[in-house]
2 protein chains.
Amino acid sequence: MLKITRKVEYALIALRHMQSKDVDELTSAKEIANQYGIPQQLLAKTLQQMARDNILEAVQGPAGGYRILAKLDRISLKDFFEKLEGPLGMMDCYFDSDCIQIGACNIRTPIQRINDNMRNMFAQMTLQEVTQ
Amino acid sequence: MLKITRKVEYALIALRHMQSKDVDELTSAKEIANQYGIPQQLLAKTLQQMARDNILEAVQGPAGGYRILAKLDRISLKDFFEKLEGPLGMMDCYFDSDCIQIGACNIRTPIQRINDNMRNMFAQMTLQEVTQ
DNA sequence: AATATATACGACATTATTAATCGTATATAG
DNA sequence: CTATATACGATTAATAATGTCGTATATATT
Ligand code: FES
Ligand code: FES
């Protein structure tokens with residue numbers, strides 16, 4: 001439990017890889033996939049999603065690829081996680097209130113407190129710190 | 001991602017339920033399962049595990065059940081989670097070092113830093129705070 | 001002693017989620 | 001025109017979480 005997904009892992013690997021390059025140099029999904037042993041298509045989809053989220057810029061065609069578009073020190077880890085994986089809740093009923101026992105439940109409030117702590121922690125770390 | 005398991009959720013519900021009772025009063029798995037709509041057998045196994053971990057005391061036979069044994073203000077959420085679900089790592093390779101790309105990986109150190117933050121956060125909260 | 005009810009626990013089955021692949025379309029450098 | 005790259009929905013595979021079953025043991029009650 002409390003694991004991050006491979007998607008996020010791959011995204012971080014890719015960002016860190018690009019960070020170590022010249023700012024407007026392009027990196028293809030293939031290059032990263034090969035270097036780190038990541039399934040290329042899966043990585044590509046993740047990079048595409050990051051492009052939709054304006055974290056990366058994509059350039060099509062041969063010699064195309066991706067480069068970092070956003071200011072990584074302006075994006076919190078919380079926002080990054082939520083962009084990729086949706087709302088961050090330790091339990092499903094943190095957001096959805098269609099939980100069967102929403103009435104009987106005796107831990108909803110305490111869990112929300114823990115969850116707030118967690119979200120707060122991730123809100124205070126930037127992508128820059130992780131990938132620099 | 002970053003979800004807690006139902007096992008942990010059920011354990012917290014059970015603890016909170018018992019906390020609201022007299023200290024040496026016994027509570028059966030059945031009682032809790034019925035009241036909160038939890039699968040009885042699954043809950044029972046979780047309570048048994050907590051008994052093995054000396055968080056609860058179990059009493060067999062009819063009119064048996066469980067009661068809180070440990071001082072909940074002495075058990076951190078981190079220890080509680082790890083008792084129930086094993087080592088707390090956001091990625092598998094935080095503990096196991098049999099990761100394929102342990103050499104090539106460029107995010108191992110940063111991820112460990114995030115993970116340390118998370119473990120630290122859970123180490124600073126006690127079970128008491130959650131279930132009181 | 002017999003019975004009913006509770007814990008104890010390994011093995012199995014089911015379900016949900018995550019991870020990976022496939023197929024097809026579009027863009028563009030050479 | 002061709003090779004190579006992104007774009008992306010649909011599908012399958014793999015893994016992990018969740019739930020159930022079967023059986024054993026303890027013990028209060030009758
Ligand atoms: S389990 Fe859904 S509200 Fe508590
Ligand atoms: S992915 Fe395993 S060490 Fe980074």
Side-chain angles (χ1 to χ4, degrees), chain A residues 1-11 13-14 18 25-34 36-67 69 81 84-87 89-93 96 99-100, chain B residues 1-11 13-14 18 25-34 36-67 69 81 84-87 89-92 96 99-101:
Chain A
M1 68 168 202
L2 294 172
K3 291 249 185 343
I4 62 172
T5 60
R6 291 226 199 265
K7 189 160 115 184
V8 168
E9 182 185 330
Y10 297 158
I13 289 177
M18 292 182 202
E25 193 175 342
L26 288 170
T27 310
S28 71
K30 190 177 183 180
E31 173 184 330
I32 299 174
N34 285 342
Y36 300 96
I38 299 172
Q40 179 175 338
Q41 304 230 51
L42 184 52
L43 173 64
K45 286 174 78 160
T46 305
L47 298 178
Q48 284 156 26
Q49 186 177 352
M50 285 196 276
R52 280 195 298 273
D53 289 335
N54 299 311
I55 296 170
L56 301 180
E57 183 192 354
V59 175
Q60 285 197 331
Y66 303 87
R67 69 183 139 222
L69 174 67
F81 287 167
L84 289 179
E85 300 286 355
M90 295 203 316
M91 279 167 47
D92 288 331
C93 47
D96 306 347
C99 178
I100 330 168
Chain B
M1 70 169 198
L2 294 172
K3 291 245 187 339
I4 62 171
T5 61
R6 292 230 196 271
K7 190 160 114 186
V8 167
E9 181 183 333
Y10 296 159
I13 289 176
M18 292 184 203
E25 194 175 341
L26 289 170
T27 311
S28 70
K30 190 178 184 179
E31 173 183 330
I32 299 174
N34 285 344
Y36 301 95
I38 299 173
Q40 180 175 337
Q41 305 230 51
L42 185 52
L43 173 64
K45 288 173 77 161
T46 304
L47 298 178
Q48 284 156 26
Q49 185 177 353
M50 285 197 274
R52 280 196 298 273
D53 288 335
N54 299 310
I55 296 170
L56 301 179
E57 183 192 352
V59 175
Q60 286 197 328
Y66 303 87
R67 71 185 137 220
L69 175 65
F81 287 167
L84 288 179
E85 299 287 354
M90 295 201 317
M91 281 168 45
D92 288 333
D96 305 348
C99 177
I100 330 168
Q101 53 164 332

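Here the structure is a predicted model, which means the values were calculated and not measured. Chain A is the first sequence line, chain B the second, and so forth, proteins listed ahead of strands; every chain is numbered from 1.
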Peer 1: What pair of heavy atoms forms the shortest contact from B:Leu47 to B:Ala14, and how long is it?
Peer 2: CD2-CB, 3.7 Å
Peer 1: If I take atom CG in residue A:Leu84 and atom C1' in nucleotide C:dT18, what distance separates them, rounded to the nearest angstrom?
Peer 2: 14 Å
Peer 1: D:dA14 P sits how many Å from A:Lys3 NZ, rounded?
Peer 2: 21 Å
Peer 1: Are the side chains of A:Arg6 and A:Leu42 in touch, meaning some heavy atoms are under 4.5 Å apart?
Peer 2: no
Peer 1: Could you tell me which non-hydrogen atom of A:Pro39 sits nearest to which non-hydrogen atom of A:Tyr10, and how far apart they are?
Peer 2: CD-OH, 3.9 Å
Peer 1: Can you check the B:Leu2 CG to C:dT17 P distance for me, whole Å?
Peer 2: 15 Å
Peer 1: How do B:Ala63 and A:Thr27 order along DNA chain D: which one's closest nucleotide is nearer the 5' end?
Peer 2: A:Thr27
Peer 1: Mind checking B:Ala51 for me? I need base, sugar-phosphate or nothing, with any heavy atom below 4.0 Å counting as a touch.
Peer 2: nothing
Peer 1: The side chain of A:Lys45 lies closest to which of these nucleotides: D:dA7, D:dT18, C:dT21?
Peer 2: C:dT21
Peer 1: In whole Å, what is the span from the CZ atom of B:Arg67 to the C1' atom of C:dT7?
Peer 2: 14 Å
Peer 1: Taking C-beta and beyond as the side chain, do A:Leu84 and B:Met1 meet within less than 4.5 Å on heavy atoms?
Peer 2: no
Peer 1: So if I take every side-chain heavy atom of B:Gln60 and compare against D:dG22, D:dG19, D:dA26, which nucleotide ends up nearest?
Peer 2: D:dA26
Peer 1: List the atom of B:Ile32, the atom of B:Thr27, and the distance in Å for their closest heavy-atom pair.
Peer 2: CG1-CG2, 3.6 Å
Peer 1: Expressed as a whole number of angstroms, how long is the span from B:Lys30:NZ to C:dA6:C1'?
Peer 2: 10 Å
Peer 1: Expressed as a whole number of angstroms, how long is the span from A:Leu42:CG to D:dC8:C1'?
Peer 2: 13 Å
Peer 1: When we call it a touch if two heavy atoms are under 4.0 Å apart, what does A:Ala44 touch: a base, just sugar-phosphate, or nothing?
Peer 2: nothing
Peer 1: In terms of side-chain heavy atoms of A:Tyr66, which of D:dC8, D:dT6, D:dG19 is nearest?
Peer 2: D:dT6
Peer 1: Roughly, in whole Å, what's the span from NZ in A:Lys7 to P in C:dA20?
Peer 2: 12 Å
Peer 1: Assuming nearest nucleotide by heavy-atom distance, tell me which of A:Leu47 and B:Thr5 is located more 5' along DNA chain D.
Peer 2: A:Leu47
Peer 1: Between atom CD in A:Gln41 and atom P in C:dT18, what is the gap in whole Å?
Peer 2: 21 Å
Peer 1: Could you tell me whether the phosphate oxygens of D:dT15, OP1 or OP2, come under 4.0 Å of any side-chain nitrogen or oxygen in A:Arg6?
Peer 2: no
Peer 1: OP1 or OP2 of C:dA20 less than 4.0 angstrom from a side-chain nitrogen or oxygen of A:Tyr10, does that happen here?
Peer 2: yes
Peer 1: Taking the side chain of A:Pro39 as heavy atoms from C-beta outward, which of D:dA5, D:dG19, C:dT21 is closest to it?
Peer 2: C:dT21
Peer 1: Compare the minimum distances between each of C:dA29, D:dT20, D:dT18 and the side chain of A:Pro62, then state the nucleotide with the smallest one.
Peer 2: C:dA29
